[in-house]
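Below: the structure, in structure tokens.
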Protein chains: 2
Amino acid sequence: MTVPVRIAVDAMGGDHGPETVLAGAEISLGRHPDTAFVLYGDEACVREVLKSHPKLAAASRIVHTDVVVGMDDKPSQALRRGRYKSSMWKAIDAVKVHEADVAISAGNTGALMAMANFNLRTMPGISRPAIAAIWPTLRGETVVLDVGASIGATAKSLVEMALMGSAMARVLFDIEKPTVGLLNVGVEEIKGVEEVKEAARILREETVAVNYHGFVEGNDIGAGTVDVVVTEGFSGNIALKTAEGTAKQLASYLRSAMSRTLRARIGYLFARDAFRVLKEKMDPRRANGGVFLGLNGIVIKSHGGTDAEGFAAAVDLAYDMVRHELLARIEQSLTSRRPQEISERRPEAAGAEGQS
Amino acid sequence: MTVPVRIAVDAMGGDHGPETVLAGAEISLGRHPDTAFVLYGDEACVREVLKSHPKLAAASRIVHTDVVVGMDDKPSQALRRGRYKSSMWKAIDAVKVHEADVAISAGNTGALMAMANFNLRTMPGISRPAIAAIWPTLRGETVVLDVGASIGATAKSLVEMALMGSAMARVLFDIEKPTVGLLNVGVEEIKGVEEVKEAARILREETVAVNYHGFVEGNDIGAGTVDVVVTEGFSGNIALKTAEGTAKQLASYLRSAMSRTLRARIGYLFARDAFRVLKEKMDPRRANGGVFLGLNGIVIKSHGGTDAEGFAAAVDLAYDMVRHELLARIEQSLTSRRPQEISERRPEAAGAEGQS
């Protein structure tokens, strides 16, 4: 019998509260019966909701918490008010004290990252955490990081992201040498991307730990040119949100085109199954879940506005990351390059560390 | 009778050379008969192509040039090889010496910007040029800048972009007070966006020249939340390319969904008109043309890989920018805020200038 995956859930996080979170957890439990949940939140409230989720109730224990981190709380506010006692903090802390293998929250990203960083700390060899998203592409899926943990990146932190993203792609896509691209703009010789160029120089030599492909541009993400796309958090977040916006825009164009005329509506009826498949393919809930990388523990962020099906996808992701030993894979990646680091052949990279 | 708009054309620029460029110019001439062209390029070659475009021939004069800037030339290389003598340089120079009102090229962006910047110089009050794109949205169109002229931006240059983008939106959309948003990420309190925050503080006080809306995120671009989106060139370029990639990806999903089953194919036949409308809406050629802003003259960059219809759209854009006096509008915007600038109420913004 396999050891169950222990998932700590911030039951109070998200726009729709415990109803959505617990309904989502139960859907995922149906897919992975070898899961055990610890639910952090207002006990009376959680118990009430669990009444309609008997299967989840049987696989869960509840830990009462008084404080809820608000969706609009600033990270510093959240840390001040919610440290040691909020449902969000407690879920993260369960990972810290090894009572859970992974924590998941649909609460606000800034607060979750601040608490995770404060409590779990970065792994040895990692200067700062990153958030990785799974991006559906024409060829399958691509890991994109950082999508908003921090702004700006040194060459060193871009290289770290390449290592961590590779480990995550190995886990997710089951390929030995996932390809890695550095996000860049197509214009040569413009100043300001020194960090990206320097990261490229380092990655070209990192043949053991990273299968470096080269620079990629924004359109390469959706094309699935590489398995892992690395960029700093500002442009990564903007790329992610822009793609979401474009998908919504085109879905709206399509809807209005298909209801414009009687002929179009008839066509829609005939092709309804095709549209259903298309809708599923474009469903943002399928790719729900950001993975916090670089910390001594795994934390998954679900979209705050998602529904039960979307939260279930994030719980599935949490399950997979534990089952396939993401942390061990990242450590492996870091270890495989350590001799090079120790030899300090790159004083310029070490110098960049000071700025991070 | 109106004075014709004089357009200087780099006939040799683009992936497909003079055939595409001149065919496109003729299409646009059909829509704006009050246009006069000066065509820069290899005279024999241009004359040969003009034989099949008699209407364009009648509205054009040819200036022979020997040198062609390559699509992969680096900006410094292009300047070294092509200054004073290439078709690209000559087209820009025509604007400088007032023989043309606007220059257009489908040649390489970096070289075109380097030459335009070198020859035309930035306008008084503008620290660096920007490239503005017209982005189709759910509500119509939005001006997005900078999409790749330079990397990184000071608060001062972001404010300048807000002023220039507003002037361009006034010209394009015929609205008195276009709304302006600063592109940002949704996470509060993360370090590194000081320039964006400082620009926001300045813009909140710029009530005369700019109708400042606030921060926007990547998904707001496609939603059409504001008329003008301002960001630095790295993230702007990545947003633009990512949106292009996502649109291609979804079009591909749609195509494969509609040919999957017999029922879907029948549905497609019924809804064919609707799909045609959709295809036109998603046609990247419609929004072809980047406008170089902040220089003492207007330069339009067409996509290098576009066809005649796409190049025609860029020529239309060039025509509109001249007809509606873009440069005068930008100067107006800059003048309307000058008293504030002169009073030097913002030493911090002046300090930032040194870094740009």
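Chain naming here is simple, since letters A, B, ... match the order of the sequence lines and numbering starts at 1 in each.
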### Query
Looking at Met258(A), Glu244(A), Met113(A), Arg276(A), which makes the most heavy-atom pairs under 4.5 Å with chain B?
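Most heavy-atom pairs within the cutoff with chain B belong to Met258(A).
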### Task
Could you check which of Gly245(A), Gly267(A), Gly233(A), Gly236(A) has the highest count of heavy-atom pairs closer than 4.5 Å to chain B?
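Heavy-atom pair counts peak at Gly267(A).
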Are more than 12 heavy atoms from other residues, nucleotides or ligands located less than 6.0 Å from atom [atom1] of [X]?
| X | atom1 | result |
| --- | --- | --- |
| Asp15(B) | CG | yes |
| Phe270(B) | CZ | no |
| Arg272(A) | CZ | no |

Taking atom [atom1] of [X] and atom [atom2] of [Y], what is their separation to the nearest 0.5 Å?
| X | Y | atom1 | atom2 | answer |
| --- | --- | --- | --- | --- |
| Lys241(B) | Asn184(A) | NZ | CG | 9.5 Å |
| Ile238(B) | Thr231(A) | CD1 | OG1 | 5.0 Å |
| Phe234(A) | Leu183(B) | CZ | CG | 5.5 Å |
| Lys248(B) | Leu138(A) | NZ | CG | 9.5 Å |
| Tyr253(B) | Leu254(A) | OH | CG | 14.5 Å |
| Leu278(A) | Arg260(B) | CG | CZ | 10.5 Å |

Does any heavy atom of chain B fall under 4.5 Å from the side chain of [X], the backbone, both, or neither of them?
| X | result |
| --- | --- |
| Ile221(A) | side chain |
| Arg263(A) | both |
| Leu269(A) | backbone |

### Message
For Ala274(B) versus Ala264(A), what's the shortest heavy-atom pair and its separation?
### Response
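That would be CB-CB, 3.7 Å.
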### Contact summary for Ala243(A) and Thr246(B), nearest pair of heavy atoms
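Here Ala243(A) and Thr246(B) meet closest at CB-OG1, 3.5 Å.
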### Message
If we ignore hydrogens and angles and just use 3.5 Å, is the side chain of Gln249(B) paired with the main-chain N or O of Pro136(A) as donor and acceptor?
### Response
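Yes.
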#### Entry: Top contributor to chain A contacts, counting heavy-atom pairs under 4.5 Å, from Asp72(B), Val277(B), Thr137(B)
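Most pairs with chain A among the choices: Thr137(B).
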### Message
Using the rule given for side-chain contact (heavy atoms from CB on, under 4.5 Å), can you reason through Thr261(B) versus Asp273(A), listing the C-alpha separation, both sets of side-chain angles and the distance that settles it, and then say yes or no?
### Response
CA-CA 9 Å; Thr261(B) 61; Asp273(A) 286 351; 5.8 Å; no
### Query
Side chain, backbone, both or neither: which part of Ala247(B) has an atom under 4.5 Å from a heavy atom of chain A?
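Its backbone and side chain both get close to chain A.
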